[in-house]
Amino acid sequence: MTNNEYKKILKSKLSEKRYKHSLCVADEAVRLSLIFGGNIEKAYLAGLLHDIMKDASNEEQLQTFKKFGIILTNIEKSAPKLWHAMSGAVYVEKVLNISDLEILNAIRYHTTAKQNMSLLEKLIYLADLTAMDRDYNGVEEMRHAVSVNLEKAMHIGLAYTINDLATHGYPIHPDTIDAYNEVILEKNNTSAADSILFSS
Ligand code: DGI
Ligand code: FE
Ligand code: FE
């Protein structure tokens, strides 16, 4: 299928606003790929399709999980906003027949992030936060961070999300916590402790 064909399907599944957001994330993902040396075609396609199930009803998404044997954890069951990333990835794989695991995982983890993210996964996670259509408080700080340092931008994005979720009393997905701890541990040097713990 061509990108134009994917766009037609996307347009039929999304509101005008969400469709435009998808185009903006695709463009932003390409811009970031050019800076950080990622695969341009994969970035565009993953960005384009990342929210493909965002406007699907909860029922439709739950039916998708049932149909394709996807089991939700209790935290996932309690947080419908997480579903579109999981149902989107499985829709893109099973219905659109895209088998590229990098693209599927970039869609799958674009909302929670996770530990050990690939470059493409990070670029889609960040492009979602810095795309042209975004205008939340702090978006300029995010745009600046992303053009300087991916890890710093991941840190800001994850800290903002965790802070916001905790403030509202929402459950935080373990993948989000794992991603956050990973950037923090990379920043705080752990090798000093290792040099004592592993010396004989
Ligand atoms: O789909 P978008 O609006 O473009 O952005 P997104 O896929 O990053 O979704 C953001 C929503 O997901 C936002 O309402 C917060 C929610 N979210 C992100 N991580 C978590 C989460 N919700 C819960 N409960 N737990 C999380 O770890
Ligand atoms: Fe999303
Ligand atoms: Fe999005």
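Atoms within a ligand are numbered from 1 in the order they appear, just like the ligands themselves.
- Residue contacts with ligand 1, taken as heavy atom pairs separated by less than 4.0 Å, do not involve H168 at all.
- Taking CH2 of W83 as the reference point, atom CG of N58 lies at 4.5 Å (rounded to 0.5 Å).
- Between L165 and H173, every side-chain heavy-atom pair lies at or beyond the 4.5 Å cut-off.
- Under a 4.0 Å criterion applied to the non-hydrogen atoms of R134, ligand 1 contributes the atoms 2 (P), 3 (O), 4 (O), 5 (O).
- For the atom pair NE2 (H50) and CD1 (I107), the distance works out to 9.0 Å, reported to the nearest 0.5 Å.
- With waters neither drawn nor counted, the protein N/O/S atoms under 2.8 Å from the Fe ion (ligand 3) amount to 4.
- Judged by the shortest distance from any of its heavy atoms, P171 lies inside the 4.0 Å radius around the atoms of ligand 1.
- For atom 14 (O) of ligand 1, the nearest protein heavy atom (residue, atom name, distance) is K81 CD, 3.1 Å.
- Distances from ligand 1 to the non-hydrogen atoms of M53 include no value under 4.0 Å.
- Contact annotation: the side chain of Y136 approaches that of L129 to within less than 4.5 Å [non-hydrogen atoms, C-beta and beyond].
- Interface atoms of ligand 1 facing H173, defined by a heavy-atom separation under 4.0 Å, are 25 (N), 26 (C), 27 (O).
- Residue-to-ligand polar distances place D128 within reach of ligand 1: an N/O pair is separated by less than 3.5 Å.
- The shortest N or O to N or O distance between H84 and ligand 1 is below 3.5 Å.
- Note: K20 NZ to K11 NZ = 8.5 Å, rounded to the nearest 0.5 Å.
- Put simply, Y160 and M117 are part of two different groups of oily side chains (I, L, V, M, F, W, Y) that touch within less than 4.5 Å, one to the next.
- The protein heavy-atom contact nearest to atom 26 (C) of ligand 1 is L165 CD1, 3.3 Å.
- At a 4.0 Å heavy-atom cut-off, ligand 1 does not touch V25 at all.
- Counting heavy atoms closer than 4.0 Å to ligand 1, residue E76 contributes nothing at all.
- Listed by first and then second residue, the salt bridge (Lys or Arg N to Asp or Glu O under 4.0 Å) pairs involving residues 85-102 are K42-D100, K42-E102 (not counting sequence neighbours).
- Heavy atoms of T111 found under 4.0 angstrom from ligand 1 belong to the backbone as well as the side chain.
- To the nearest 0.5 angstrom, Y6 atom OH is 9.5 Å from I52 atom CD1.
- Within the 4.5 Å cutoff, side-chain heavy atoms of M53 are placed close to those of K13.
- The distance from the CG atom of L48 to the CD1 atom of I103 is 10.5 Å, given to the nearest 0.5 Å.
- Between T176 and ligand 1, an N or O atom pair is found at a separation short of 3.5 Å.
- Residue A79 approaches ligand 1 through these ligand atoms, each under 4.0 Å from one of its heavy atoms: 24 (N).
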Practice prompt. Under the side-chain hydrogen bond (donor to acceptor under 3.5 Å, both in side chains) rule, what do D55 and H84 come out as? Steps first, then yes or no, please.
Written response: CA-CA 8 Å; D55 290 340; H84 74 287; over 6 Å; no

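- For CD1 of I71, the number of neighbouring non-hydrogen atoms (other residues, nucleotides, ligands) closer than 6.0 Å is 12 at most.
- Y109 and M154 fall into different hydrophobic clusters, where Ile, Leu, Val, Met, Phe, Trp and Tyr side chains are chained together by heavy-atom contacts under 4.5 Å.
- With a 4.5 Å cut-off on side-chain heavy atoms, I98 and L45 count as touching.
- Only the side chain of L82 comes within 4.0 Å of ligand 1, counting heavy atoms alone; its backbone N, CA, C and O stay farther away.
- Nearest heavy-atom pair, E121 versus N116, reported as atom, atom and distance to 0.1 Å: OE1-O, 4.1 Å.
- Residue contacts with ligand 1: T112 is placed with no nitrogen or oxygen under 3.5 Å of a nitrogen or oxygen of the ligand (distance criterion only).
- In summary, the atoms of ligand 1 found under 4.0 Å from a heavy atom of K54, numbered by their order in the structure, are 1 (O), 2 (P), 3 (O), 9 (O).
- Ligand 1 places these atoms under 4.0 Å from at least one heavy atom of R18: 1 (O), 2 (P), 3 (O), 4 (O).
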